[in-house]
Number of protein chains: 2
Amino acid sequence: MTTRTAAQRRAEAKVAYDAFMAACPSRKVFEMLSDKWVGLVLAAVSAGPRRYGELKAEIAGVSPKMLTQTLRTLERSGLVDRTVTASVPVRVDYELTPLGRDLYPLITPLKAWAEANVDAIRAAEQAYDLRTFAREPTGASAATGASAVIGVTAAMGVTAARQ
Amino acid sequence: MTTRTAAQRRAEAKVAYDAFMAACPSRKVFEMLSDKWVGLVLAAVSAGPRRYGELKAEIAGVSPKMLTQTLRTLERSGLVDRTVTASVPVRVDYELTPLGRDLYPLITPLKAWAEANVDAIRAAEQAYDLRTFAREPTGASAATGASAVIGVTAAMGVTAARQ
DNA sequence: CTGGATCCGGTAGGATACTG
DNA sequence: CAGTATCCTACCGGATCCAG
């Protein structure tokens, strides 16, 4: 492995990492941060050590597969720490590393912003859809074009409990 | 549509939007922000009005389809403004709306962080891979387990040029 | 020039069942 | 409890052609 030659190091240093470039390693990092579950997992694990089951309960809707995968990625990237306590049954705790704790405060504002601006965005979406589908033949396909309306419906609070 | 009853409004207000809940509309917003291209597009369009072609050039590696799709989503959500100037040929400009300008400063730190911490993360990944594949039978399947090594290799700047 | 429409393969990711 | 293994589908996203 480690195909990084001296020439490559120089090339990388010259451009000083720009995520706008497709092949730049920082792009990979940026895309990791843009992963569907990374933000949520980071947020959940930030409040101190969390066990696997706790995370699964806290992050509603995540499948064991995705949770494990995400945790593995974060562990590999050095953002979370995985501690196995050899007992019966086994106990595994996840917590942020210093690097993760450095990143975390940049994530929360996003989650907070999302929660704070839901209404504004929903209004914008409705306005857009009205504008767009105004002269549509027979309504119907609103969901097709842009999956209109959000679908808050039921299930609200299934997991809200602790955290 | 607008199935939001008074009872629902109350329920929503009570929990005040929590992205940890699967069905919460803020989760949808959060996932939009976690889209692969949203961050980059937002960053690119933040520096003032940009034409479609300019964005395509600036964000290396994005296909016209994905760029259009992302811009549509952002427009629908009220984050970017699309202005069509009826000329020949047509001219289309994209720029941030006030809402988008409000969100933008939360995105850039992420991009900056990614660019700043590439080295730390790459080091962590290498260390992890060494630890993990240390006592593997015959190397070989390194890519299977975790797509080891990053793959910066060549292709650096291939797309920076045109497109 | 902008960008819609269509085809299509790869894979992300969800559900479920099973194991140390 | 903490995952892994398997299956399977939806949709991401690239290529291509077309239209205003």
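Just so we're on the same page: letters track the sequence lines, and every chain starts at 1. No hydrogens, no waters, no symmetry mates; every other heavy atom, side chains included, goes into these values.
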Of all the heavy-atom pairs spanning [X] and [Y], show the shortest one and how long it is.
X: B:Glu95; Y: B:Pro49; value: OE1-CG, 3.8 Å
X: B:Ala43; Y: A:Phe20; value: CB-CZ, 3.9 Å
X: B:Gly78; Y: B:Leu99; value: O-CB, 3.5 Å
X: A:Leu96; Y: A:Tyr104; value: CD1-CB, 3.9 Å

Checklist outcome for this item: The answer to which of A:Val90 and A:Val62 contacts DNA chain C further toward the 5' end, by nearest nucleotide, is A:Val62
Next on the checklist: If you assign A:Pro64 and A:Pro89 each to the DNA chain D nucleotide with the nearest heavy atom, which residue ends up on the more 5' nucleotide?
Outcome noted: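 Looking at DNA chain D, the more 5' nearest nucleotide goes with A:Pro89.
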Considering just the side-chain nitrogens and oxygens of [X], establish if one lies under 4.0 Å of OP1 or OP2 belonging to [N].
X: A:Tyr94; N: D:dG3; value: yes
X: B:Arg82; N: C:dT2; value: no
X: A:Arg72; N: D:dG3; value: yes

Checklist outcome for this item: When A:Arg72, A:Arg76, A:Lys28 are each screened for salt bridge (Lys or Arg N to Asp or Glu O under 4.0 Å) with B:Glu125, the one that passes is A:Arg76
Would you kindly give the [atom1]-to-[atom2] distance between [X] and [N], to the nearest whole Å?
X: B:Arg50; N: C:dC1; atom1: CZ; atom2: C1'; answer: 18 Å
X: A:Leu67; N: D:dC1; atom1: CG; atom2: P; answer: 14 Å
X: A:Glu54; N: D:dA2; atom1: CD; atom2: C1'; answer: 13 Å
X: A:Arg91; N: D:dA2; atom1: CZ; atom2: P; answer: 8 Å
X: B:Lys56; N: C:dC1; atom1: NZ; atom2: C1'; answer: 10 Å
X: B:Glu75; N: C:dG3; atom1: CD; atom2: C1'; answer: 13 Å

Produce the list of close N/O pairs, under 3.5 Å, pairing protein atoms with atoms of nucleotides 9-13 of chain C; give distances to one decimal.
unit_1 : atom_1 : unit_2  : atom_2 : d
C:dG13 : N7     : A:Lys65 : NZ     : 2.6
C:dG13 : O6     : A:Lys65 : NZ     : 3.4

Item to check | Donor-acceptor pair between B:Tyr128 and A:Ser77 side chains, under 3.5 angstrom | outcome: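 Short answer, no.
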Checklist entry - Rounded to the nearest 0.5 Å, how far apart are NZ of A:Lys36 and CG of B:Asp35? => result 11.5 Å
Checklist entry - Looking across every strand, which nucleic acid part, if any, lies under 4.0 Å from A:Arg51 by heavy atom: base, sugar-phosphate, or nothing? => result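 Answer is sugar-phosphate: A:Arg51 comes under 4.0 Å of backbone atoms only.
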